[in-house]
Protein chains: 2
Amino acid sequence: MTELAFDTKQPALQACAGRKVSCTNCCMRKLCIVAGMHSDQMEAVDQLVEHWHPSPRGRHIIREGDQFRQILIVRSGAIKAYQTLENGDEQITDFILPGDVFGMDGLATGRHIAGAIALETTSVCAIPMQCMLESTGLAKAAEHQVLALFSESLNRKDAHVAMISMNKSHERVAAFLLDISARLARRKLSSSHFVLSMNRSDISRYLALSQESVSRAFAKLTQAGILACSGRQVDLLDFQALSRYAGRTGPADLQQAG
Amino acid sequence: MTELAFDTKQPALQACAGRKVSCTNCCMRKLCIVAGMHSDQMEAVDQLVEHWHPSPRGRHIIREGDQFRQILIVRSGAIKAYQTLENGDEQITDFILPGDVFGMDGLATGRHIAGAIALETTSVCAIPMQCMLESTGLAKAAEHQVLALFSESLNRKDAHVAMISMNKSHERVAAFLLDISARLARRKLSSSHFVLSMNRSDISRYLALSQESVSRAFAKLTQAGILACSGRQVDLLDFQALSRYAGRTGPADLQQAG
DNA sequence: CGTGGTATTGACAAGTCTCAAGACGAGTGG
DNA sequence: CCACTCGTCTTGAGACTTGTCAATACCACG
C-alpha cells in the first residue's frame, strides 16, 4: 500500500492527484486562495499560478535559506515543515495538508527560515509574490483570501503550541490525532479512519516528545480501546474519550482501563 | 517603580508613550506597517489608523470570540495573548511588544480566537480591515508591509514552538530571555538589562512549565552566574553561556557551577 | 531469505509536577 | 511607624512521567 494521508478510495483527491488542473476544477478550490471567487476571477488566478510537477516522497520543496519567491498551496499529498536548530536537531513546525498554504515564513526577511519536505508524492501550486503584488485586479480579489489563509496558518500554529503544552504524552498524541482528524474532515475525507503520512519520529519532533514516548502513547490509547492502529494506519474508535484526553487531563483521567 | 518592559530612561519610548501621535513621528514607524513608506503614503495611512486610548494594566484589548474588525499594532507597553482551553486553563500564546502586530487570528473566521490583555499601560493603533481592503492606494503601499508583518508573526510562533520543545526548564527560560532580549535590541532598548512586564505565572503558561519550575530555572541560571535577577528585574551577564543553554543542551551542560 | 528502516518494549536515571509551606514586597489602615 | 493583607515569588520533598540506552519485533523490498 502506498503511503497517503488520505484514503484513496475516496473520490475527492483521486480526481486531481498529480495531474495538471486548472483552478476552476481543482478539488481544493474551496479551501484554497480562489475560494469564493467568480469563475472569471479564478481564471485570472489560473494565469498567475504555477502548477508544479509532483514531488516524490522525501524531496525538498523548500530548503532552509532559500530565497523567497512565492507562496505555495498543497494540491495533493502531504508535507512536513521543519527548522534546523543550533544543535542540529530538526524541529518539525508543521504538517501541511491539501488546501493549506505554506512558505510565507520567507516573506519577512526574503529568505525561507523553514524547509519543507514531501512526505509522499505531493503536488503544489505556486503563486509568485511579485505577480501578486503587481497585478492589481487579482490582488484585489485575492487579498482577503490570502490574508485569511495567513490567519488560518497562524491559528494552526497556536493549536500546535497548545498541543505541545499538554504535559502528558498521551494527551499530546490524542490532540494530534484529533487535529489531523478534524483537518481531514474539512476536506471531506474520513475523520475516523486514515493513514498517517508521517512516521513516529516526525510526530515526536512535532510534539516535542521522544519517539518512544509517542509509541507508548499510541499503545496506551490502543489498550484503552480509544483507537486501533497498526503502524501508520489509525482508526479512531471513541472520539469522546479522545477529546477528554486532548482536553488536558479533563474529567476522567486515563487509567489502565482494560 | 512602575512596571515597564523597557527602561524608561531610554528616549525612544518615552517620546510617544500615551500621547496621540501621527505615524510620521511615531517612534515605532521603523518597525510598524508604515516602515519604508514615503511621508505622503504615511499620511494616507495616518488617516486610516485609529489611535486608541491607552489601556491600563489588566484591561482586555481583545476578548476571545470578539468580532474581527481590525488588525492592531502596539505603540507602547506590552500585551499577552491567550487562549482558554477546554479544561479552563489559559494558554499564553504570545507576548506582544511595541512594533508588533496582533489580532490577525480573527481574520480566518471573522471572530477572534485569542484574547489580548495589557500587561502594563499600553497604547495600540488599529487599522480597520474594511478600510484597508477598500482604499486601493494605501492597500498597494501597505500590502507588502502587512504581509511581512504577518510573516514575522508566523516566525515568532515557530520560535515559540522551538522554545517549548526544549526539554529542560532552564533551557526554555534561557531561550525565552534571549528572545525577549533580542526583541528589545531591535527596538534599540537595552538587551542585557530590562524589567519583565509579565509575572512568573504568565511565563510558565507561555513556556508550558509550572510556575515553580520557572522560578527554579531562574534560580539555577542565577547561581550559575549567567544572570542576576530580583523579581522581574533581569540582568543578563553572560550571553554566550545563555545561548549555550538555549541551544538545547549544547556543548557544555549546566552543572551546579558555583 | 537477508537487509534496512521503522516500530515496539523494557529498565533505569533524570527531570518535572504537585502539594505545601514560607519569604518577600507593595499597599492599606490604624 | 507599625501591623496586616494580598499577590507574587521562592524553596522543599515525594510521586510520577519522560528521556535515554538497549534489545527486539516488524514490514517492505530486493
Side-chain angles (χ1 to χ4, degrees), chain A residues 1-4 56-58 80 87 89-90 92 117 119-120 163-174 195-223 227-234 245 248-249 253-256, chain B residues 1-4 57-58 80 87 89 92 119-120 163-174 195-223 227-234 245 248-249 253-256 258:
Chain A
M1 187 192 284
T2 50
E3 302 222 328
L4 290 172
R57 173 200 175 90
K80 63 174 172 182
N87 68 344
D89 281 3
E90 233 185 33
I92 306 287
I117 296 178
L119 287 169
E120 55 188 84
M163 244 179 247
I164 301 186
S165 295
M166 302 187 182
N167 36 16
K168 292 186 189 141
S169 61
H170 62 262
E171 292 172 351
R172 295 193 205 176
V173 170
V195 178
L196 296 168
S197 52
M198 67 295 284
N199 60 25
R200 297 286 190 267
S201 174
D202 287 333
I203 297 175
S204 77
R205 283 173 299 168
Y206 181 73
L207 294 178
L209 291 170
S210 70
Q211 213 179 127
E212 293 91 333
S213 290
V214 171
S215 197
R216 277 187 261 262
F218 270 98
K220 200 166 191 173
L221 294 169
T222 302
Q223 278 156 31
L227 59 86
C229 76
S230 139
R232 301 188 185 180
Q233 168 80 45
V234 176
Y245 302 136
R248 291 177 163 219
T249 342
D253 221 312
L254 183 58
Q255 306 300 348
Q256 31 273 52
Chain B
M1 186 192 286
T2 51
E3 301 222 329
L4 291 172
R57 172 198 175 91
K80 64 174 171 183
N87 67 344
D89 280 3
I92 307 286
L119 287 168
E120 55 188 85
M163 243 180 249
I164 301 186
S165 295
M166 303 189 182
N167 37 16
K168 291 186 190 142
S169 62
H170 61 262
E171 291 173 350
R172 294 193 206 177
V173 170
V195 178
L196 296 168
S197 52
M198 67 294 284
N199 61 24
R200 298 285 190 266
S201 175
D202 287 333
I203 297 175
S204 77
R205 283 173 298 168
Y206 181 73
L207 293 178
L209 291 170
S210 69
Q211 212 181 127
E212 295 91 331
S213 290
V214 171
S215 196
R216 278 186 259 263
F218 270 98
K220 200 166 191 174
L221 294 170
T222 302
Q223 278 156 32
L227 60 86
C229 75
S230 140
R232 300 188 184 180
Q233 168 79 47
V234 176
Y245 301 136
R248 292 176 162 218
T249 341
D253 222 313
L254 183 57
Q255 306 300 346
Q256 32 274 50

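It should be emphasised that the depicted structure is a prediction, and the values quoted were computed from it without experimental measurement. Just the heavy atoms: all of them, side chains too, but no hydrogens, waters or symmetry mates, feed the values below. Within every chain, numbering begins at 1; the chains are lettered A, B, ... in the order of the sequence lines, protein sequences first and strands thereafter.
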Novice: Tell me the interatomic distance from Leu207(A), atom CG, to dT17(D), atom C1', rounded to whole angstroms.
Specialist: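 My rounded result for the distance is 16 Å.
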
Novice: Quick check on the helix from dC1(C)-dG30(D) to dG30(C)-dC1(D): what's the angle between its two end axes, five base pairs per end, to the nearest 10°?
Specialist: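 Comparing the first five pairs with the last five, the axes sit 30° apart.
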
Novice: Can you see if the side chain of Ser213(B) gets near the phosphate of dT16(C) - specifically, an N or O under 4.0 Å from OP1 or OP2?
Specialist: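 No, outside the criterion.
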
Novice: Could one point to a donor on the side chain of Arg216(A) or the base of dT20(D) with an acceptor on the other under 3.5 Å away?
Specialist: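 Result: at least one qualifying N/O pair found.
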
Novice: Report yes if some heavy atom in the side chain of Tyr245(B) is under 4.5 Å from a heavy atom in the side chain of Lys168(B); otherwise report no.
Specialist: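 With C-beta onward as the side chain, the pair stays apart.
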
Novice: Mind checking if Ser169(A) touches a base, just sugar-phosphate, or nothing, with heavy atoms under 4.0 Å?
Specialist: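 Sugar-phosphate contact only.
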
Novice: Rounded to the nearest 0.5 Å, what's the gap from CG on Leu207(A) to CD1 on Ile164(B)? Could you check?
Specialist: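 Interatomic distance, Leu207(A) CG to Ile164(B) CD1, rounded to 0.5 Å: 12.0 Å.
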
Novice: Just the rounded figure in Å: distance from C1' of dG22(C) to CD of Glu212(B).
Specialist: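 In whole Å, dG22(C) C1' lies 13 Å from Glu212(B) CD.
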
Novice: In whole Å, I'd like the distance from the CZ atom of Phe218(B) to the C1' atom of dA23(C).
Specialist: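 So the CZ-C1' distance, Phe218(B) to dA23(C), works out to 18 Å.
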
Novice: Between Ile164(A) (CD1) and dT16(C) (P), how many Å, whole number?
Specialist: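 Checked: the CD1 to P distance equals 17 Å.
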
Novice: Considering only heavy atoms and no angle criterion, is a donor-acceptor pair shorter than 3.5 Å present between the side chain of Gln211(B) and the base of dC17(C)?
Specialist: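 Result: no qualifying N/O pair found.
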
Novice: side-chain contact (heavy atoms from CB on, under 4.5 Å) for Arg205(A) and Glu90(A)? Distances and angles first, verdict last.
Specialist: CA-CA 7 Å; Arg205(A) 283 173 299 168; Glu90(A) 233 185 33; 2.8 Å; yes

Novice: When you compare the side chain of Met163(B) with that of Tyr206(B), does any pair of heavy atoms fall below 4.5 Å?
Specialist: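 Result yes, sub-4.5 Å side-chain heavy-atom pair found.
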
Novice: Closest to the Ser210(A) side chain: dT8(D), dG19(D), dT18(D)?
Specialist: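 Closest nucleotide to the Ser210(A) side chain: dG19(D).
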
Novice: Without decimals, in angstroms, what is the distance between Arg200(A) CZ and dT8(C) C1'?
Specialist: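 My rounded result for the distance is 9 Å.
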
Novice: Whole angstrom is fine here: how far is it from NE2 in His170(B) over to C1' in dT16(C)?
Specialist: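 So the NE2-C1' distance, His170(B) to dT16(C), works out to 13 Å.
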
Novice: Run the numbers on Val173(A) and Leu221(A) for side-chain contact (heavy atoms from CB on, under 4.5 Å), then give the verdict.
Specialist: CA-CA 9 Å; Val173(A) 170; Leu221(A) 294 169; 4.0 Å; yes

Novice: If you check the Asn199(B) side chain, which of dT8(D), dG15(C), dT17(D) turns out closest?
Specialist: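 Per side-chain heavy atoms of Asn199(B), the pick is dT8(D).
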
Novice: Under 3.5 Å, which donor-acceptor pairs link side chains of residues 209-217 of chain A to any protein atom two or more places apart or in another chain?
Specialist:
from: Ser210(A); atom 1: OG; to: Ser213(A); atom 2: N; distance (Å): 3.2
from: Ser210(A); atom 1: OG; to: Ser213(A); atom 2: OG; distance (Å): 3.1

Novice: Considering only dT9(C), dT11(D), dG19(D), which nucleotide approaches the side chain of Asn167(B) most closely?
Specialist: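 Side chain of Asn167(B) sits closest to dG19(D).
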
Novice: Begin from the C-alpha positions of Leu119(A) and Arg57(A) and carry the test side-chain contact (heavy atoms from CB on, under 4.5 Å) through to its verdict.
Specialist: CA-CA 5 Å; Leu119(A) 287 169; Arg57(A) 173 200 175 90; over 6 Å; no

Novice: Roughly how many Å is it from CG in Leu119(B) to C1' in dT8(D), rounded to a whole number?
Specialist: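 About 15 Å, once rounded to whole Å.
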
Novice: dG19(D) P sits how many Å from Lys168(B) NZ, rounded?
Specialist: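 To the nearest whole Å, that distance equals 12 Å.
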
